[in-house]
Amino acid sequence: MDLSYSPEYEAFRAEVRGFLEANRSRAPGHGGNGLTWQKLLIESGYAARTIPREYGGFGGEPDILKSRIIAEEFARAQLSPGLGGQGISMLVPTLLEVGSEDQKRQFIGPTLRGEMLWCQGYSEPNAGSDLAALATKGVLEGDHWVINGQKIWTSTAHLADWIFCLVRTEPDAPKHEGISFLLFDMKTPGIEIRPLVDMTGAANFNEVFFTDVRVPAHQIVGRRGEGWKVANAILRHERGSLADPNVMQSRLNALIDLMKAETLDGNRVIDNPVYRDRLMTIQGRVQALRCNDLRLLSAAVNRQSAPLAGMVVKLQGTELRHELEGFAIDVLGELGLLYGDTPRLRGGGSWQRDYMYFLGLIIGGGTSQIQKNIIAERGLDMPREPKLAKA
Amino acid sequence: MDLSYSPEYEAFRAEVRGFLEANRSRAPGHGGNGLTWQKLLIESGYAARTIPREYGGFGGEPDILKSRIIAEEFARAQLSPGLGGQGISMLVPTLLEVGSEDQKRQFIGPTLRGEMLWCQGYSEPNAGSDLAALATKGVLEGDHWVINGQKIWTSTAHLADWIFCLVRTEPDAPKHEGISFLLFDMKTPGIEIRPLVDMTGAANFNEVFFTDVRVPAHQIVGRRGEGWKVANAILRHERGSLADPNVMQSRLNALIDLMKAETLDGNRVIDNPVYRDRLMTIQGRVQALRCNDLRLLSAAVNRQSAPLAGMVVKLQGTELRHELEGFAIDVLGELGLLYGDTPRLRGGGSWQRDYMYFLGLIIGGGTSQIQKNIIAERGLDMPREPKLAKA
Amino acid sequence: MEFGLSEEQVMLQDALARFLSGTGGLERTRAFAAGKDRRAPEVLQGLAELGVTGLIIPEVHGGVGLSLLDAALAAEQLGRFVAPAPFAATAVMAPLALIKAGDAGQQATWLPRLASGAVVAGVALSEITGARDGAGVEARDGRLYGRAQFVVDYESDLYIVADRARGLYLVAADAPGLTRTDFRTIDATRPTGELVLDGVAAEPLKADDSAAALRAMIDAGRVMLAADTLGAAQEMLDHAVAYAKGRVQFGRPIASFQAVKHMCAEMAAALEPCRSLVWYAGHALDHLPEEASLMACHAKAHLSEVGTFVARTATEVHGGMGFTDLVGLHYWFKRIGFNRQVLGGPQAVRAEAAALQGLAA
Amino acid sequence: MEFGLSEEQVMLQDALARFLSGTGGLERTRAFAAGKDRRAPEVLQGLAELGVTGLIIPEVHGGVGLSLLDAALAAEQLGRFVAPAPFAATAVMAPLALIKAGDAGQQATWLPRLASGAVVAGVALSEITGARDGAGVEARDGRLYGRAQFVVDYESDLYIVADRARGLYLVAADAPGLTRTDFRTIDATRPTGELVLDGVAAEPLKADDSAAALRAMIDAGRVMLAADTLGAAQEMLDHAVAYAKGRVQFGRPIASFQAVKHMCAEMAAALEPCRSLVWYAGHALDHLPEEASLMACHAKAHLSEVGTFVARTATEVHGGMGFTDLVGLHYWFKRIGFNRQVLGGPQAVRAEAAALQGLAA
């Protein structure tokens with residue numbers, strides 16, 4: 001057990017801090033532009049760090065601790081850590097793993113530099129928890145796939161240049177083996193985007209409809225029918241990131257500040273023992289998840305295995321965060337109901353928004369029910385749902 | 001909505017009170033004997049009230065309100081309401097419904113008078129939630145059933161004169177149709193009783209082993225293979241009674257007294273706002289169950305239907321009671337750990353005992369998981385567990 | 001002895017349900033939420049025709065003269081249909097104030113107009129159940145000064161305002177010196193806001209014991225909010241069960257998965273006893289004076305907790321759909337959220353329940 | 001940077017697990033619980049041979065000189081095997097008191113004997129973490145008066161007693177004026193009881209700041225109890241999963257029912273982060289002084305809550321068997337219940353956590 005960083009890493013931390021001090025004025029929100037900032041970060045090795053130079057990255061060695069130090073220092077300085085999004089976080093790793101050389105050269109660089117925005121076409125109205133039931137069809141006609149069907153939960157579809165999309169191309173193959181992973185331009189004729197308003201009132205997601213959308217045959221990643229395999233390796237990355245305990249810790253600190261600032265009948269809310277007890281209960285759980293996160297980091301650095309510790313993050317994290325935000329609403333009482341552009345609003349309405357948004361995350365990215373199946377089956381080696389008799 | 005009782009019932013209540021005042025000295029615990037008290041109660045119509053005279057009962061008309069008034073007044077007077085047990089509460093109604101005339105005349109009277117104690121032989125080690133899987137075998141040899149097998153959870157087996165027992169007599173019939181309902185003497189050769197110590201430290205239950213136990217063929221209730229039907233109608237009566245909200249209310253009052261009496265660092269526990277909040281949360285839930293109970297009583301009296309209200313009682317009641325007892329332990333802190341014959345014990349150790357005992361009741365009489373299945377399937381009309389494919 | 005609803009009460013529920021679904025149900029609510037109007041006059045009109053606005057107002061004043069339990073049953077239906085209509089204040093708390101603390105002239109002036117729906121009355125007493133931001137109202141020389149937040153049925157023609165001394169006052173919405181600030185909350189179906197009173201001339205309700213009237217208003221208001229949550233939560237549960245039966249994943253209705261069944265069973269198990277609790281609390285308001293305040297607290301707090309659980313769980317059963325606006329489930333979710341905080345959050349109400357029993361320090 | 005166990009630590013766990021299962025495991029515990037002996041000398045002897053009694057005692061005093069995290073790992077194994085052995089006081093809190101507050105002579109006298117297991121030391125400071133029944137100890141003229149309840153590792157030769165002024169004293173178990181009253185609790189594996197001190201001659205520990213030593217003792221004791229619960233709860237979960245896989249009902253292992261799977265998944269999801277929390281809290285005791293007390297509070301309170309949940313749920317998964325003595329699951333259930341209350345129940349400990357952060361009123 002050693003929570004300190006070696007001198008090499010402390011030096012690296014100092015380097016990052018120096019960079020951030022020197023370049024603060026070039027960061028977005030401080031006078032700089034997002035795309036040039038991204039370019040600077042890649043050149044300096046603070047974004048796209050481990051992606052090979054020939055594909056537009058920095059070409060550094062993978063080093064989990066350095067990645068962590070970068071994340072920590074950017075957060076501390078409250079400067080943008082560069083571009084994110086599903087193109088960078090999901091498509092790029094996919095292409096690196098299974099893309100063709102041409103695809104890597106064509107797509108990774110512009111994606112990293114923010115010149116090419118992506119959206120993800122996985123879920124469908126009848127393929128949610130059961131993603132492999134997806135029904136969007138792709139039929140090869142000559143040298144084009146002709147795509148018909150509908151996707152849902154497509155965030156940033158209205159902004160995206162391209163989509164990476166799961167399409168059923170082998171209708172006669174078993175469910176999991178009939179899917180292909182296709183890339184195509186969102187300006188292709190036959191694509192209609194409808195914003196999907198959610199309970200927070202925002203349109204964070206879209207429905208996307210495909211009618212005879214024609215996609216060049218070579219824009220497939222992996223082979224025909226391998227789409228499930230291609231997509232699945234990457235899906236796992238998404239889940240943990242939904243419930244970062246360090247973000248939770250900041251949120252908890254904001255909650256404590258709120259409880260010190262707000263009063264009920266002239267008494268500070270923090271002085272109410274019942275609320276204080278509830279706060280401490282939540283703090284204890286946040287601490288447990290933070291320690292768990294430290295364990296996962298250490299396991300990754302030291303190439304040890306802590307599978308169960310990883311599997312519980314999404315379930316525990318999203319539920320706790322939802323609860324934390326709901327507690328803040330209770331702390332505010334009627335003031336906690338305020339939402340939108342309104343007088344007396346607290347925290348920009350973020351408590352209500354995140355209360356609802358994290359209910360969405362409890363559901364999204366694998367519902368809590370699916371998470372429990374995974375923990376039981378993969379973590380505890382309990383039997384999978386048995387096959388049913390034919391009706 | 002009318003929570004008052006009509007003059008007829010108020011008069012009946014006065015009559016019961018008069019009886020109790022006049023006969024207090026004849027009650028067990030006040031100088032009287034249990035068996036003569038039982039006889040007096042039957043003669044006066046306060047026990048075995050609706051059971052025909054020819055079988056040894058009082059022969060009154062069924063009247064739910066009068067039954068309730070009797071229960072309330074005996075509880076108020078803190079006098080024994082007469083004998084209970086599985087013979088009276090389960091076997092007698094069964095015999096009345098499906099017993100032969102001979103069986104009724106032979107068994108009901110002595111059972112009601114406490115001259116014949118019964119135990120119940122239903123559960124087996126491999127037939128718990130799945131009771132229909134029971135394997136104790138009965139083979140007809142001449143004019144006797146020969147019984148081999150094992151029962152478990154047999155309370156009062158060590159005291160009982162007779163047993164009513166489910167036995168598989170038709171091995172080739174479908175699972176639910178191969179069971180018969182037999183009655184036999186516990187002194188029959190081949191019966192071995194082993195006490196089953198539980199987590200409370202008491203032996204409230206037993207295991208009972210049968211080796212070539214010979215039972216006269218006519219001691220069957222209903223026909224061969226009808227045992228499941230016979231038993232099941234009665235099982236339902238058992239469930240609600242495990243979680244009487246009026247008992248819960250007394251327990252809550254005892255808890256409030258406890259919180260007023262106990263101190264921590266010299267302060268009364270009731271003055272701790274966190275504990276008070278938890279107490280009020282529990283009180284609100286107890287009130288909800290009491291009101292639900294009132295609704296069930298009213299529905300029974302007025303021949304209305306409130307099926308869901310009935311189905312939730314066991315689940316909600318046992319879980320709330322377990323929680324209430326656990327809270328009392330927290331209230332007592334280290335003192336709440338004391339158990340058995342020890343100095344400084346509070347409430348005779350009842351908080352710990354009932355905390356454990358009600359965990360047993362969460363499990364017994366249909367586990368909470370089975371209760372939820374029932375609520376979903378029968379209460380909400382959701383599908384039953386689908387049939388599995390053959391492995 | 002009968003603990004259940006009479007035929008008339010069942011008919012009232014049915015009539016209200018028919019009207020509220022006939023008036024557009026969720027679609028009317030959506031339009032209201034999306035539009036700029038902060039009143040839905042035709043809904044109010046329909047309620048008036050059904051006698052809901054005058055439900056507890058004596059017949060001599062043009063009302064129907066029913067009980068507070070009947071009012072709770074109406075509130076339950078309003079919650080069930082997330083109706084964009086004022087109710088708890090204008091149809092219950094304000095009439096109660098006038099009945100219990102108004103003089104004959106005040107009653108004759110206002111009760112018939114409230115009964116007919118010609119006048120809508122809001123109630124400003126949130127500071128009595130818990131003052132935030134230093135809000136509160138003081139009376140000096142027959143004039144009111146201060147601030148009252150989170151007025152119940154805020155879009156009104158008339159307000160009943162409580163001052164810090166627990167006196168009750170009538171204030172016209174257009175009284176000079178009164179400034180109104182609209183709030184937006186998560187619940188678009190029940191507009192609320194703040195009154196700033198700067199020397200507003202106000203007519204006191206002249207009862208001997210306006211504190212008792214105020215207590216009765218708060219008790220009744222809490223039971224109405226609890227009933228509203230009951231209706232909303234029951235509707236969410238019904239939606240969840242129906243959705244689970246229709247939604248197929250992994251080749252079978254998700255209602256056949258034990259996890260989904262148990263989520264629904266847990267909701268039903270928690271909610272079903274709540275119905276009896278609300279009935280009892282509603283009945284107690286009129287008939288069991290020594291229990292009324294305590295049962296109102298328990299109904300409010302317990303329904304808030306169960307409602308929150310059902311709102312979340314029913315949304316989860318709907319999967320992603322529950323999170324979208326498409327099925328509109330969030331209107332119920334937010335309505336339950338609103339009911340939780342107004343007239344005292346669960347913790348505050350439980351503290352009051354303890355105090356009512358002499359258990360507070 | 002490494003947040004995990006070293007090879008040596010894993011070996012320590014394994015050695016202890018081998019010894020404790022070899023010494024009879026549950027059967028030894030049953031025999032201890034059923035018998036009249038309140039000490040299990042051969043278990044203590046074995047622990048001494050493994051170095052567990054001297055784990056944190058410096059090598060110069062005959063100990064092993066390991067860290068408090070190592071002690072927490074040992075506590076976890078003792079909980080896992082519901083071992084009938086003293087530990088939190090005799091191997092951790094008492095040595096800490098002597099190391100932090102004893103003078104050279106006291107250390108030289110006692111530490112080697114504690115390390116070898118020749119002397120067992122109990123700790124009487126429950127009144128500092130919350131006094132019940134008006135208990136408490138006062139020092140006057142070098143003598144102790146009063147009552148100390150729920151002594152940790154009560155069956156001892158030597159006690160470290162805290163008085164109300166937070167001074168620490170050494171008291172021999174056979175000191176004149178000392179009366180012991182045995183208690184029986186649900187947890188038969190760790191005897192406890194009460195000391196009545198009537199002018200007992202006591203030797204003070206002479207540190208400048210005995211309050212700091214006392215604080216360190218309480219922090220460490222709490223982490224040990226949390227670790228004990230971690231081990232016990234993990235064992236219950238493992239038992240539940242194994243039982244569910246073997247138990248057939250309705251023609252299939254109950255582990256294949258989604259409800260049972262989810263109960264186990266919920267236990268694992270709650271428990272797995274607890275492991276890291278206990279590690280961190282154990283590490284903080286030695287290395288992060290500014291966090292140590294707070295993390296000890298969180299570990300104690302959070303493990304108590306999760307432990308209670310796991311104890312109940314694992315019992316439920318076992319169905320009726322879980323309720324019987326046959327599988328002995330209740331030994332773990334009761335051990336977790338014991339750990340919950342000793343050295344401060346969860347609510348009291350959370351209140352302390354708030355105070356440590358300056359959040360209390």
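Protein chains get the first letters and strands the later ones, always in sequence-line order, with residue 1 at the start of each. From a predicted model like this one, the values you see are computed outputs, not experimental measurements.
- We find that D:R335 and D:E235 are not joined by a salt bridge, their nearest charged nitrogen and carboxylate oxygen being 4.0 Å or further apart.
- The contact between A:Q369 and chain D is made by backbone and side chain atoms together, counting heavy-atom distances below 4.5 Å.
- With a 4.5 angstrom heavy-atom cutoff, A:N272 does not touch chain D via any of its atoms.
- Each of A:L361, A:V247, A:L359, A:L252 was scored for a side-chain contact (heavy atoms from CB on, under 4.5 Å) with A:R321, with one residue passing: A:V247.
- For CD of A:E61, the number of neighbouring non-hydrogen atoms (other residues, nucleotides, ligands) closer than 6.0 Å is 12 at most.
- By the 30° and 60° cut-offs, the orientation of the rings of A:F19 relative to A:F74 is tilted.
- Within 6.0 Å of the NZ atom in A:K387, the count of heavy atoms belonging to other residues, nucleotides or ligands does not exceed 12.
- Contact count versus chain D (heavy atoms, under 4.5 Å) is highest, among A:L380, A:I270, A:N302, for A:L380.
- Geometrically, A:R251 engages A:W351 in a cation-pi contact defined by less than 6.0 Å to the ring centre and at most 45° from the axis.
- For chain A, no part of D:A301 is nearby; none of its heavy atoms comes within less than 4.5 Å.
- For A:N267, no part sits under 4.5 Å from any heavy atom of chain D, backbone or side chain.
- D:M267 does not touch chain A: none of its heavy atoms, backbone or side chain, sits under 4.5 Å away.
- For chain A, no part of D:V278 is nearby; none of its heavy atoms comes within less than 4.5 Å.
- Residue contact with chain A, scored on non-hydrogen atoms closer than 4.5 Å, involves the side chain of D:K245 exclusively.
- For chain A, the option among D:S67, D:A255, D:A244 with the highest count of heavy-atom pairs below 4.5 Å is D:A255.
- For the set D:Q9, D:Q357, D:R275, D:R252, the entry with the most heavy-atom pairs within less than 4.5 Å of chain A is D:Q357.
- In terms of heavy-atom pairs under 4.5 Å with chain A, the best-connected choice from D:A299, D:C297, D:A269 is D:A269.
- Heavy atoms closer than 4.5 Å to chain A are found in the side chain of D:E266, but not in its backbone.
- Looking at A:Q316, only its side chain comes within 4.5 Å of chain D, counting heavy atoms on both sides.
- Heavy atoms closer than 4.5 Å to chain A are found nowhere in D:A281, neither backbone nor side chain.
- In terms of heavy-atom pairs under 4.5 Å with chain A, the best-connected choice from D:S256, D:P253, D:C274 is D:S256.
- Of all heavy-atom pairs spanning D:L96 and D:A220, the tightest one is CD1-CB, 3.5 Å.
- Put simply, of A:I375, A:D271, A:D277, A:L297, the one with the most heavy-atom pairs under 4.5 Å next to chain D is A:D277.
- Residue contact with chain A, scored on non-hydrogen atoms closer than 4.5 Å, involves the side chain of D:L69 exclusively.
- Checking side-chain atoms of D:K300 against main-chain N and O of D:M295 turns up no donor-acceptor pair under 3.5 Å.
- Contacts of A:R290 with chain D are absent, with no heavy-atom separation under 4.5 Å from either backbone or side chain.
- Contacts of A:L308 with chain D are made by both backbone and side-chain atoms, with heavy-atom separations under 4.5 Å.
- In this structure, chain D has a heavy atom under 4.5 Å from the side chain of A:R276, while its backbone stays farther away.
- In this structure, the portions of A:T281 lying under 4.5 Å from any heavy atom of chain D include both its backbone and its side chain.
- Within 6.0 Å of CZ on A:R268 lie more than 12 heavy atoms contributed by other residues, nucleotides or ligands.
- Distance check, rounded to the nearest 0.5 Å: CD of A:E323 to CD1 of A:I362 gives 9.0 Å.
- When each of D:Q258, D:H302, D:H262 is checked for heavy-atom pairs under 4.5 Å with chain A, D:H262 comes out on top.
- Minimum heavy-atom separation, D:A17 to D:R80: CB-NH1, 3.8 Å.
- Of all the heavy atoms in D:A354 and A:M280, the pair that sits closest is N-SD, 3.6 Å.
- Shown here for A:L315 and A:S368, the closest heavy-atom pair between the two residues is CD1-OG, 3.3 Å.
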